[in-house]
> 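Have a look at the structure that comes next, please.
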2 protein chains.
Amino acid sequence: MKRKTKYVLLGLLRDESLTGYELKSAIDNRMSFFWQESYGQIYPELKMLLEDKMIDVLSDNNETKHDKVKYKITNRGLSVFNKWMNEENEKDTVRSEALLKFFLADSTNLDALTKHLEIYNKHSVDLLELYLQYERQLTGLVGVHDNHKYLLEILSLGIKQQELYSQWSREYLKKIKRNVL
Amino acid sequence: MKRKTKYVLLGLLRDESLTGYELKSAIDNRMSFFWQESYGQIYPELKMLLEDKMIDVLSDNNETKHDKVKYKITNRGLSVFNKWMNEENEKDTVRSEALLKFFLADSTNLDALTKHLEIYNKHSVDLLELYLQYERQLTGLVGVHDNHKYLLEILSLGIKQQELYSQWSREYLKKIKRNVL
DNA sequence: AGTCTCATGTAAGCCGTTACATGATTCA
DNA sequence: TGAATCATGTAACGGCTTACATGAGACT
């Protein structure tokens, strides 16, 4: 997949001005079920976006403070973002070592399978809680921002996905413990 | 994520002897919802596994035919695989440009959103059908191989996932068309 | 005084895709 | 005979993670 970091940053900055650190947090906390970025991509990309006039530094009142820079999107950035929105998507890339092990497991690995299922279940439940929290936060502000409706739609997919994962792994564990498998 | 191709190949070869090409097909057809590999990884990895005595060439009857080589796993390969099975998993990596656009969409992109939802829906339905086909194929052979029970468990997750994706996108499209959003 | 979170940034190196090259076999 | 699928392989390039470096502010 070609460089997409640009669009993630631009997309998030349409909504509110954020620092590089805050952008990373937003991606980790709200988008982790379908996307991730590292600082090694974010900071260099912000620099390039600034050079290309797609974002601007939001001048903070504090003088001589060079750290903590909030960025805002420019019209040029907006138009680049909108162009991307209309382009065709590249195909998804996914790699889940847990699911790989579940796929490759058999009766000779029952102990390992059980261990990984337990970890997977805990992780799914935790992520589910994180997204539910975000949902509550958004529904508490209904009407404030129009595009929350769209955010809630994709969030509901993330929630249902985590529900599926946690239920599936719980049931699988039950079967193993009952010696059904 | 560190190189995992080795374990995918080893894991698949535990079940049956396959060529590099067949390994690629198996990954594409049955594991695409959580994994993918390219020829550029598979062939060099097979070479290394052979050098490291983790796999062997399955001597085919045809003499002087150097193409179409089936590989079988060795005891050494099996033990490396089992060791990996018990190790901790690295965290998943996921990148879905479609979901990224769904997350970043708002009322100014309704047309693009609709277009991408339609493509996404079609893709989910197609994948669902592919997995259902594989499931039918496996249930037709129940009892033949013990580990089909485990395969059916993870397959059912893939099926439920695709059902979720296709239902979610269908409902989302309905809402847009009814002007609810 | 020490730890944690916030905050920014770079460079090396790994991993994996893509593009290219080649040829056999099957089917229409 | 031409197209599609089966089949194997390599090399260059690009993208991303990891490790490292640095420091402020908040809290204990």
Side-chain angles (χ1 to χ4, degrees), chain A residues 1-9 12-13 17-29 31-32 34-51 55 57-58 60-71 84 89-97 100, chain B residues 1-9 12-13 17-29 31-32 34-51 55 57-58 60-71 88-97 100:
Chain A
M1 200 180 273
K2 298 215 195 78
R3 310 179 110 282
K4 304 286 173 182
T5 309
K6 176 171 23 180
Y7 306 112
V8 184
L9 302 182
L12 287 169
L13 290 177
S17 294
L18 298 167
T19 67
Y21 188 84
E22 288 167 337
L23 283 161
K24 166 79 166 129
S25 300
I27 296 162
D28 286 348
N29 295 324
M31 304 164 76
S32 58
F34 63 87
W35 205 266
Q36 59 268 347
E37 296 282 351
S38 62
Y39 289 121
Q41 294 162 267
I42 291 173
Y43 285 112
E45 190 61 55
L46 284 170
K47 207 180 192 176
M48 283 184 266
L49 287 171
L50 204 55
E51 277 168 19
I55 57 174
V57 173
L58 191 78
D60 50 354
N61 338 348
N62 310 358
E63 338 111 32
T64 63
K65 278 271 165 118
H66 26 249
D67 6 41
K68 194 157 176 171
V69 184
K70 290 214 185 211
Y71 296 96
W84 167 73
N89 297 330
E90 289 185 63
K91 61 180 186 323
D92 298 356
T93 60
V94 196
R95 296 202 143 197
S96 169
E97 195 172 12
L100 178 60
Chain B
M1 202 181 276
K2 298 214 194 78
R3 309 178 112 283
K4 304 286 173 183
T5 309
K6 175 172 22 179
Y7 306 112
V8 184
L9 303 182
L12 287 170
L13 291 177
S17 293
L18 298 167
T19 67
Y21 188 85
E22 288 168 336
L23 283 161
K24 166 81 166 128
S25 301
I27 296 162
D28 286 348
N29 295 324
M31 303 164 76
S32 57
F34 62 88
W35 205 267
Q36 59 268 346
E37 297 281 353
S38 62
Y39 289 122
Q41 294 163 267
I42 291 173
Y43 285 112
E45 190 61 55
L46 284 170
K47 207 179 191 177
M48 283 185 266
L49 287 172
L50 204 55
E51 277 168 19
I55 58 174
V57 173
L58 189 80
D60 49 355
N61 339 348
N62 311 358
E63 339 111 28
T64 63
K65 275 271 162 117
H66 26 249
D67 5 40
K68 193 154 175 169
V69 184
K70 290 214 186 212
Y71 297 96
E88 270 184 40
N89 297 330
E90 290 185 62
K91 60 180 187 324
D92 298 355
T93 60
V94 196
R95 295 203 142 197
S96 169
E97 194 171 12
L100 180 58

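If you're wondering where the values come from, they're calculated on a predicted model, not measured in any experiment. So you know, we letter chains A, B, ... as the sequences are listed, proteins then strands, and number each from 1. Scope of the values below: all heavy atoms of this structure, side chains included, with no hydrogens, waters or symmetry mates.
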> Can you pull out how bent the helix from dA1(C)-dT28(D) to dA28(C)-dT1(D) is, comparing the axes over its first five and last five pairs, to 10°?
40°

> Measure from the side-chain N and O atoms of Lys24(A) to the backbone N and O of Glu37(A), and report whether any donor-acceptor pair falls under 3.5 Å.
yes

> Hey, does Met31(B) have a side-chain heavy atom less than 4.5 Å from the side chain of Val8(B)?
yes

> What are the two closest heavy atoms between Gly20(B) and Leu46(B), and how far apart are they?
CA-CD1, 3.7 Å

> Just how far, in rounded Å, is P of dA7(C) from OH of Tyr43(A)?
8 Å

> Grab the CG-P distance between Leu58(A) and dA7(C) for me, whole Å please.
14 Å

> The side chain of Tyr71(A) is closest to which nucleotide in this list: dA7(D), dG9(C), dT8(D)?
dG9(C)

> Which atom names give the shortest non-hydrogen contact between Leu100(B) and Phe34(A), and what distance separates them?
CA-CE1, 3.5 Å

> Identify the two heavy atoms, one from Arg3(A) and one from Glu45(A), that lie closest to each other, and give their separation to 0.1 Å.
NH1-OE1, 2.6 Å

> side-chain contact (heavy atoms from CB on, under 4.5 Å) with Ser25(A): which residues, sequence neighbours excluded?
Tyr21(A), Asn29(A)

> Leu46(B) has an atom CG; how far is it from atom C1' of dT8(D), in whole Å?
10 Å

> How many whole angstroms separate atom CD of Glu51(A) from atom C1' of dG9(C)?
14 Å

> For Met48(A) and dT10(C), what is the distance between atoms CE and P respectively, to the nearest whole Å?
10 Å

> Rounded to the Å, how far apart are Lys70(A) NZ and dA7(C) C1'?
12 Å

> Residues in side-chain contact (heavy atoms from CB on, under 4.5 Å) with Lys4(A), at least two apart?
Met1(A), Tyr7(A), Trp35(A), Trp84(A), Glu90(A), Glu97(B)

> So which atom in Leu12(A) and which in Ala26(A) form the shortest heavy-atom distance, rounded to 0.1 Å?
CD1-CB, 4.3 Å

> Going by heavy atoms closer than 4.0 Å, what residues in residues 17-26 of chain B are next to DNA chain D?
Thr19(B), Gly20(B), Tyr21(B)

> Does one side chain, of Gln41(A) or Thr5(A), offer a donor that lies under 3.5 Å from an acceptor on the other?
yes

> Under the rule for side-chain contact (heavy atoms from CB on, under 4.5 Å), what residues qualify as partners of Glu22(A), not counting sequence neighbours?
Leu18(A), Thr19(A), Lys70(A)

> Give the rounded distance in Å between these two atoms: CD1 of Ile27(A) and P of dA7(C).
15 Å

> Starting at CD of Glu45(B) and ending at P of dG9(D), how long is that distance when rounded to a whole Å?
13 Å

> Determine, for nucleotides 14-21 of chain C in 5'-to-3' order, which nucleotides have protein heavy atoms under 4.0 Å from the base (write B), from only the sugar-phosphate (write S), or from neither (write -).
-SSBB---

> Please report the shortest heavy-atom distance between Ile42(B) and Leu9(B), naming the atom on each side.
O-CD1, 4.1 Å

